[in-house]
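Before any comments, here is the structure.
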Amino acid sequence: MTTFPDYFNKIHLAVCDSTSDYLKQNIARLEADFPLMVSSAVQIAGRGRENRGWISPENLGIYATFGFYLPDSRGLSLLSITAGIAVISMLQSWTGKVFALKWPNDILADEKKVAGILCETIIKADKIICLVGIGVNINHDTCDFPTVLRSRAGSLKLLTGVEWPLHCGRERLAASMTSWLKKLAKGRRADIIGRARYLSRSFLGQTISFHHQGETVQGIFLDIAPDGGLLLGLPGSEKKIFYSGELD
Ligand code: BTN
């Protein structure tokens, strides 16, 4: 068993429902090729977090799921943030633009969401199988998004005014995931948290609406905790760390 990615094997599909579902449904066969990146030109039923869909028009975005083993369960709480950092690193070095990390792992530019990440894990005997699904809006025009999303969704094309080659983006994404997952494997937690704090700097100290288990609370985004949680300042000087939920 290869314990951690030094590289990713790659499968590119013409079409699928969801690259994450494809990997899951074929896990018995595909595990032999781990670490593996499955990408697709189009997804018919792309999935987002909180049971939402992910709009995946043909050849407009990167739709990819990375399958690999996590060697140490201590890395699990930082997995989602690490993937967010990897996506931002790749986007910044590729385009020269500035991107922000919205905890835990939405990626924004000019306050619009350009990428999202869906982390899933399967614990099987002695193995922690990670499936990290990443969607990046690359060459979308505004009309490619449903009307309700248009004010909040962005793409590299909308941000820069030019089109970006998808195959280059996929290669760069795999390289960046490799490099950041290696840091996670080596236990470089302080580097990861430091980078996450820096990339979240526009939220630090801000009053936010936070949705958690069906409830919405107002609080101050105080920090990202050393284990990757969100440290929220609540009324009455209470502080609480959250491990799931969404910022507005
Ligand atoms: C989110 O922000 O809600 C997460 C979106 C994740 C979308 C990606 S696209 C590739 C992979 N396949 C899916 O069905 N979803 C993820």
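Every number for a ligand or one of its atoms is a count from 1 in the order of the listing. All of these numbers come straight from a predicted model, not from anything done at the bench.
Between F145 and H140, the angle of the ring planes stays under 30°, which puts this pair in the parallel group of the 30/60° scheme. Ring geometry, Y69 versus F34: the interplanar angle falls from 30° to 60°, so the pair is classed tilted.
With salt bridges taken as basic N to acidic carboxylate O contacts below 4.0 Å, none links K97 and D110.
Side-chain atoms of S20 never come within 3.5 Å of backbone atoms of S18 as a donor-acceptor pair (strictly under, hydrogens ignored). When atom types are taken as modelled, the side chain of Q43 and the backbone of T19 share a donor-acceptor pair closer than 3.5 angstrom. For R197 (side chain) and I224 (main-chain N/O), a donor-acceptor pair under 3.5 Å exists by modelled atom type.
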Could you list, one pair per line, each nitrogen or oxygen of ligand 1 together with any protein nitrogen or oxygen closer than 3.5 Å, giving atom names and the distance rounded to 0.1 Å?
from     : atom 1 : to   : atom 2 : distance (Å)
ligand 1 : 2 (O)  : K113 : NZ     : 2.6
ligand 1 : 3 (O)  : R49  : N      : 2.6
ligand 1 : 12 (N) : T19  : OG1    : 3.2
ligand 1 : 12 (N) : Q43  : OE1    : 2.9
ligand 1 : 14 (O) : S18  : OG     : 2.8
ligand 1 : 14 (O) : R47  : N      : 2.7
ligand 1 : 15 (N) : R47  : O      : 2.6

